[in-house]
A.B. asks: 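Below is the structure I would like to discuss, written out as structure tokens.
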There are 4 protein chains.
Amino acid sequence: MTQNQNQILSSVKNAELVEKRRNQMIKGAITLFKEKGFHRTTTREIAKESGFSIGTLYEYIRTKEDVLFLVCDAIYEQVHERLESAIDLENPSVTNLEKVVESYFYLMDEMQEEVVIMYQEVKSLKKDTKEYVLQKERDMVGMLEKVIVTCLPHEISKQDAELMANNIFIQGQMWGFRRWVLQKQFTLKEYIDRQIHYLMASLAIDRTIVKDKEA
Amino acid sequence: MTQNQNQILSSVKNAELVEKRRNQMIKGAITLFKEKGFHRTTTREIAKESGFSIGTLYEYIRTKEDVLFLVCDAIYEQVHERLESAIDLENPSVTNLEKVVESYFYLMDEMQEEVVIMYQEVKSLKKDTKEYVLQKERDMVGMLEKVIVTCLPHEISKQDAELMANNIFIQGQMWGFRRWVLQKQFTLKEYIDRQIHYLMASLAIDRTIVKDKEA
Amino acid sequence: MTQNQNQILSSVKNAELVEKRRNQMIKGAITLFKEKGFHRTTTREIAKESGFSIGTLYEYIRTKEDVLFLVCDAIYEQVHERLESAIDLENPSVTNLEKVVESYFYLMDEMQEEVVIMYQEVKSLKKDTKEYVLQKERDMVGMLEKVIVTCLPHEISKQDAELMANNIFIQGQMWGFRRWVLQKQFTLKEYIDRQIHYLMASLAIDRTIVKDKEA
Amino acid sequence: MTQNQNQILSSVKNAELVEKRRNQMIKGAITLFKEKGFHRTTTREIAKESGFSIGTLYEYIRTKEDVLFLVCDAIYEQVHERLESAIDLENPSVTNLEKVVESYFYLMDEMQEEVVIMYQEVKSLKKDTKEYVLQKERDMVGMLEKVIVTCLPHEISKQDAELMANNIFIQGQMWGFRRWVLQKQFTLKEYIDRQIHYLMASLAIDRTIVKDKEA
DNA sequence: AATGAATGAGAATTCATTCAT
DNA sequence: CATGAATGAATTCTCATTCAT
């Protein structure tokens, strides 16, 4: 359980149980949200899909929106973890930057449906929880930004770094988001390769030369 | 009225009136959808905001989803028109490409909320109408792609052109979509300038030299 | 126009026109009521089927129920006329009685759907109009009763005559009403023949003997 | 609960409770349908009359039409049971036939309003359920037919037996259906007596003789 | 802790009727 | 007289949430 889940009140005291039940709930809810979206999914369905009764569902949350929050939080948590483990700022290099971007794109491929959920449903969260979730998004863009700044061989303005990070961020999401268009024309590998190619080009980096040097 | 609106049946025969009322409806609905999204907006609210009764609303549509379709259709129609009028393929040049991209970004700034609606609600359309709307989106990316191919001084593969078009497309939307992040760090002008800068860089074009030549 | 239709107020003064329009209306309404019943038919549909607009419909009636009344009235009027023309009390005879019953059964065959409408919808009329329509029904049973009393060679109590008249009356309707059962087992001719056979038997009349005598 | 009620889905799992609630519902609905018919009765009224909330009503049915089906099914079930218990085919005799017909007429007197409901509303059922209910009606006519065939001292054709059964069937219903006419002229006893008299006469049976013999 | 029956506010949609043109 | 757009009360059905067991 992420620390954040504590924002959601539960009548049940046993923390382990709360975590277990909520994980069931998140899993079930994601399955359903993928299919029909948050609004078209009922709490009864969520309970059933999660393997317990509607009464039990409400022992672990207060409102339906809480489920959405848990789902969004879980998704970002997963992205965050994976991204973090892909980043190694000890040995910064352009190759390293490429590796991170590549990992991120692979991750987005794996999680495309989850990401689509977020895109389409975060807005349904109430102010506070929305703010919370959006902050996590910003954190992740921040991580990409840091990698860019650290790994580039030359200086880049804070603003430009942020722009590039945002671009990478949404290009990753785009793969899932605009899949009907893109996945008809590109394999995942091709997509990643071309996006990284243009990214490096825009950073005025000759990939072959740089790689040679590093080698 | 776009021809597509004929897909939506109306009990009212007078075509002019249908167009007028539907425009009221679209305007009212967009206002509400911006605020609370499609699902949290009731048909009664739409009727009221549009300036007529619930009964009258249903003289011009069959279901609530029809309103969403009308809204999506209207938004894309507007983007399409504006984009079309910005494109001039008679005198292709890199400057021309830049101009188109610039216009597109300005447009996305004006229509940011409308675009957010689309992003978040298209999914709620039923198969047929969704397919219809997504096709319109593809058309627009196609327009950008054509501009890229035509205006670039050198050859570019079909695949790469499509990728760039998609990138531009979502970078425009991103300005509205991720406004909380971006609009804190960039003015619109700055955003457009830097995005175009990187776009040109990634296309391996030295903007100053090209512009000099053209001049 | 039957005199009774004057119970229904019309804004239109021209009596001929009122009659014409109401006949259109009755025809249209019967078509629809057969299909879907009174409650599932809308006034808009009645107007359309009748060949004029909803506004025009309401120039000739006050409420939807008026249409039902007109329909019921028209149906009974038709039955009444036909029954009357089949009855010839100048030369009473058992054969004559048989003829009347036969005519009535043929009529019920022709009008089976109209009769079903009445059976199922009269109840939806308001007190006054319902009373009016039921009186017409009683009149018709009364006609049958009179034929029985007049044509039988022997005395029959008023009560028994009424009972027989009612029996005949509903046996005629039953042909349409329970058509799914009866029309599978009987041709119309067979049905009429057997019903008359039993009718005469119950009146203790040997048909062949009586007929011989008459001849 | 008749087995047939299982055709109607309920969200509630506890079968006993389902039966109890549905019986409340049927009772409440019949009261209302008697008064105003199916179409003029709202689901809210049914819920209230049944003693629970509208939400609870819909836990036990899917649509308003389900209530009608439940009502029709319950009515026929009751008629069926009563008819069955009145029939004793072990000792067939004309007196026995008379007894069955008598019981049936008494039953129709008790259930006149329920029967009127059926007559007027069955048509509102959708194809499948209507077919189902009509089959039950046929079953009951079949029971009467069997009694006729078994109890008569002489042979009677299948067709004629069926005709008589149908006649008896609707003569019973007629007592409730045309009550405004008949109940003014007849007591129940008189009605039954005369109908049975004519029935036996039409079957060419001298009641006094037959009864003497049996005695 | 778990269950699931009960609740009722709220939502979409329909349709008889009116009335200005 | 004819039209048909406008109206809004009424209706069916849903679903988040509660609470007694």
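The chains referred to below are lettered A, B, ... by the order of the sequence lines, with proteins before strands, and numbering in each begins at 1.
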A.B. asks: What is the base-pairing partner of F/dA20, counting Watson-Crick and G-U wobble geometry with both distances under 3.5 Å?
C.D. replies: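 Base partner found: E/dT3.
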A.B. asks: On DNA chain F, check which nucleotide each of A/Arg62 and D/Thr42 is closest to and give me the residue with the more 5' one.
C.D. replies: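 Mapping each residue to its closest nucleotide by heavy atoms, the 5'-most match is D/Thr42.
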A.B. asks: Can you check whether B/Ser53 has a side-chain N or O nearer than 4.0 Å to OP1 or OP2 of F/dT7?
C.D. replies: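 Affirmative; the distance criterion is met.
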A.B. asks: Testing the basics here: between C/Ile30 and C/Ile117, what is the closest heavy-atom pair and its distance to 0.1 Å?
C.D. replies: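 Answer, listing the atom of C/Ile30 first, then C/Ile117: O-CD1, 3.9 Å.
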A.B. asks: Can you measure from CD (A/Gln24) to CD1 (A/Ile26) and round to the nearest 0.5 angstrom?
C.D. replies: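 One gets 10.5 Å once the value is rounded to the nearest 0.5 Å.
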A.B. asks: For B/Thr41 and A/Leu17, take the nucleotide of DNA chain E holding the closest heavy atom to each; which residue's nucleotide lies nearer the 5' end?
C.D. replies: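 This one resolves to A/Leu17.
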A.B. asks: Who is the Watson-Crick or G-U wobble partner of F/dT11, with both distances under 3.5 Å?
C.D. replies: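 Pairing partner, where one exists within any strand: E/dA12.
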A.B. asks: Which part of the nucleic acid, if any, lies within reach of A/Lys13 when heavy atoms closer than 4.0 Å are counted: base, sugar-phosphate only, or nothing?
C.D. replies: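 Sugar-phosphate: the residue A/Lys13, judged by heavy atoms under 4.0 Å, touches backbone atoms but no base.
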A.B. asks: Ignoring backbone atoms, establish whether C/Tyr60 has a side-chain N or O less than 4.0 Å from OP1 or OP2 of F/dC1.
C.D. replies: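 Checking F/dC1 against C/Tyr60, no side-chain N or O comes under 4.0 Å of OP1 or OP2.
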A.B. asks: With nearest nucleotides of DNA chain E determined for D/Val12 and B/Gly55 from heavy-atom distances, which residue corresponds to the more 5′ nucleotide?
C.D. replies: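 First, find each residue's nearest nucleotide; the 5'-ward one identifies D/Val12.
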A.B. asks: Could you check if a side-chain atom of B/Arg22 sits within less than 4.5 angstrom of a side-chain atom of B/Ile8, using non-hydrogen atoms only?
C.D. replies: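 A side-chain contact exists here, since the closest heavy-atom pair is under 4.5 Å.
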A.B. asks: Which nucleotide in the list E/dT17, F/dT14, E/dT14 gets nearest to the side chain of B/Ile54?
C.D. replies: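 For B/Ile54, the side-chain atoms sit closest to E/dT14.
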A.B. asks: Please state how far atom CG in D/Leu57 lies from atom C1' in E/dA9, giving the value in whole angstrom units.
C.D. replies: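 So the two atoms are 16 Å apart, to the nearest Å.
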A.B. asks: In whole Å, I'd like the distance from the CD atom of C/Gln24 to the P atom of F/dA2.
C.D. replies: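 In whole Å, F/dA2 P and C/Gln24 CD are 10 Å from each other.
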A.B. asks: Between E/dT13, F/dA16, E/dA16, which nucleotide gets closest to the side-chain atoms of B/Thr43?
C.D. replies: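 Nearest nucleotide to the side chain: E/dT13.
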A.B. asks: Please classify the nucleic acid contact of A/Arg21 as base, sugar-phosphate, or nothing, using heavy-atom distances under 4.0 Å.
C.D. replies: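 Here A/Arg21 touches the backbone only, sparing every base.
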A.B. asks: Which part of the nucleic acid, if any, lies within contact of C/Thr56, taking any heavy atom under 4.0 Å across all strands shown: a base, the sugar-phosphate backbone alone, or nothing?
C.D. replies: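 Since a base atom lies under 4.0 Å of C/Thr56, the category is base.
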A.B. asks: Between F/dA6, E/dT7, E/dA2, spot the one nearest the side chain of D/Phe52, thanks.
C.D. replies: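 Taking heavy atoms from C-beta onward, the closest nucleotide is E/dT7.
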A.B. asks: Could you check whether A/Lys27 pairs with A/Glu49 (Lys NZ or Arg NE/NH1/NH2 to Asp/Glu carboxylate O, under 4.0 Å)?
C.D. replies: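 Judged by the 4.0 Å cut-off on N to carboxylate O distance, A/Lys27 and A/Glu49 do not form a salt bridge.
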A.B. asks: Checking contacts here: which listed nucleotide (F/dC1, E/dA1, F/dA6) is nearest the side-chain heavy atoms of A/Asn14?
C.D. replies: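 The listed nucleotide nearest to A/Asn14's side chain is E/dA1.
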A.B. asks: Rounded to whole angstroms, how far apart are CG on D/Leu68 and P on F/dT11?
C.D. replies: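 The answer, rounded to whole Å, is 17 Å.
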A.B. asks: Taking only the side-chain heavy atoms of B/Arg44 (C-beta and beyond), determine which of F/dA9, F/dA6, E/dA1 contains the nearest atom.
C.D. replies: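 That would be F/dA9.
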A.B. asks: In terms of ring plane angle, is the pair A/His39 and B/His39 parallel, tilted or perpendicular, where the classes change at 30° and 60°?
C.D. replies: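 Ring orientation, 0 to 90° scale: parallel.
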A.B. asks: Using atom NZ of A/Lys36 as one end and atom P of F/dT14 as the other, report the distance to the nearest whole Å.
C.D. replies: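 From A/Lys36 NZ to F/dT14 P: 12 Å.
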A.B. asks: For D/Glu16 and E/dA5, what is the distance between atoms CD and C1' respectively, to the nearest whole Å?
C.D. replies: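 From D/Glu16 CD to E/dA5 C1': 15 Å.
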A.B. asks: Under 4.0 Å, heavy atoms only, any strand: does B/Ser11 hit a base, just the sugar-phosphate, or nothing?
C.D. replies: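 It contacts sugar-phosphate atoms only.
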A.B. asks: Give the nucleotide from the list F/dT11, E/dA12, F/dT18 with an atom nearest to the side chain of A/Tyr58.
C.D. replies: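 Nearest nucleotide to the side chain: F/dT18.
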A.B. asks: Looking at every non-hydrogen atom in both residues, tell me the closest pair between B/Leu57 and B/Thr43 and how far apart they are.
C.D. replies: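 Answer, listing the atom of B/Leu57 first, then B/Thr43: CD2-O, 3.5 Å.
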A.B. asks: Rounding to an integer number of Å, can you tell me how far A/Arg40 CZ sits from E/dA12 P?
C.D. replies: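 About 11 Å, once rounded to whole Å.
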A.B. asks: Between E/dT14 atom P and B/Glu59 atom CD, what is the distance in whole Å?
C.D. replies: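 The distance from CD of B/Glu59 to P of E/dT14 comes to 11 Å, rounded to the nearest Å.
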A.B. asks: From NZ of A/Lys64 over to C1' of F/dC15, roughly how many Å is that when rounded to an integer?
C.D. replies: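 Rounded to whole Å, this separation is 8 Å.
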A.B. asks: Between A/His39 and D/His39, which has a closest nucleotide on DNA chain F that is more 5'?
C.D. replies: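 Checking each residue's closest nucleotide, the 5'-ward one belongs to D/His39.
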